[in-house]
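Contents: one structure, followed by commentary.
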There are 2 protein chains.
Amino acid sequence: MPNQSDLKKAGLKTTQPRLKILKILENADVRHLAAEDVYKILLETGEEIGLATVYRVLTQFESAGLVIRHNFEGGRSVFELNDEDHHDHMVCLECGRVFEFFDKTIEERQKEVAHQAGFAIDDHSLYMYGVCRGFRDNGNCSWVDQPSQGVFKLKQK
Amino acid sequence: MPNQSDLKKAGLKTTQPRLKILKILENADVRHLAAEDVYKILLETGEEIGLATVYRVLTQFESAGLVIRHNFEGGRSVFELNDEDHHDHMVCLECGRVFEFFDKTIEERQKEVAHQAGFAIDDHSLYMYGVCRGFRDNGNCSWVDQPSQGVFKLKQK
DNA sequence: TTTATTGCAAAACCTTTGCATGTAT
DNA sequence: ATACATGCAAAGGTTTTGCAATAAA
């Protein structure tokens, strides 16, 4: 889990905005946040940090390897803390919730396919879109009640 | 391979712009095109079709299942003809070329993982980013010489 | 004190939309 | 003739950037 010393390692000064944004990423009850979500949480907490700074900080964090940026369907980027333990994502198109998973077989096959093609992988992303169990069973998901927690634009509603 | 009759099936009138855009998607030497790429090709061919129309048509084609929209790294959407034969993608960050592949094991494992999680998959996307063999071996790739063929912003250069 | 960082507003992008005009059936 | 498509320009949403003010080292 990234912390203050990682900022220094990345050549970034330990500033209030950076610390606060890092804290939000660590403590938010939703792991996958758009820049605007981070900004709103800052506002709710009474912090005076501009949206431009949020973008700058998140981009710097990404370069430093502290966070991972995702481009899910819907246009905007979402960010999550890089906890060094790789996983892929299932995104519920109904409630917006993001589920993480890891499958060893898939990871291995990816490497193998790339190797056979002579392709040197830097990075990969696997997103599965669909409907989560919570939504299917209950008609809704506990997360929809929470304001501004959606990680992307929902298809419906 | 989609054709004129697919337009009618989708409830879309057979108009010149739609036919021309469909033709470009079928014949372009790059399968994965951003809206702007399609627009530039139209201009080069002397066609008088607005960018807004290109977006509208591509979006309609997407709804009709004629094309697939991808959100690779870099923000903008790229479109490819839906040839009904599903595949995933490797994107070269150096030359911008997109390679397609299909791996049965990966496909099966995805379904299995989703099933275990009680997640009903609509759709999925798997992108691997890295450096292609052509670039690694030759220092460049035949495709870099072709103007406006990149499917997304390159990391470097 | 020196250098990096922030805030604000403006700009840059990509994409969508309103409305009058044009085109397919 | 009617309904749908298009072009243009304008607006929308997200992300980036220039520059003066501010904070960290």
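Nothing here was measured: the structure is a model prediction, and the numbers come from that model. In the text below, chain A, chain B and the rest are named by the order of the sequence lines, each starting its count at 1.
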Between A/D6 and A/K9, does any NZ, NE, NH1 or NH2 come within less than 4.0 Å of an OD or OE carboxylate oxygen? yes
In residues 53-62 of chain B, which ones come under 4.0 Å of DNA chain C, going by heavy atoms? B/Y55, B/R56, B/T59
Could you tell me whether the side chain of B/K13 has a donor or acceptor atom within less than 3.5 Å of a complementary atom in the base of C/dT23? no
Most 5' of A/I49 and B/A35 on DNA chain C, judged by nearest nucleotide: A/I49
Which whole-number value in Å describes the distance from A/L51 CG to C/dA11 P? 18 Å
In terms of side-chain heavy atoms of B/A52, which of D/dT15, C/dT17, D/dA5 is nearest? C/dT17
Could you label the plane-to-plane angle of the B/H70 and B/H32 rings as parallel, tilted or perpendicular, counting under 30° as parallel and over 60° as perpendicular? tilted
A/T14 side-chain proximity, nearest of C/dT5, C/dC14, D/dA25: D/dA25
So, is B/T15 close to the D/dC4 phosphate, meaning a side-chain N or O under 4.0 Å from OP1 or OP2? no
Check whether any side-chain heavy atom of B/F72 sits under 4.5 Å from a side-chain heavy atom of B/V78, and report yes or no. yes
Kindly say if B/R76 contacts the phosphate of C/dC13, meaning a side-chain N or O under 4.0 Å from OP1 or OP2. no
Side-chain donor-acceptor pair present, A/H89, B/H124, cut-off under 3.5 Å: no
Are a donor atom and an acceptor atom from the side chains of B/H87 and B/E80 found within less than 3.5 Å of each other? yes
Give the nucleotide from the list C/dC14, C/dA24, D/dT6 with an atom nearest to the side chain of B/E36. C/dC14
Enter the distance from A/L25:CG to A/L66:CG here, rounded to the nearest 0.5 Å. 9.5 Å
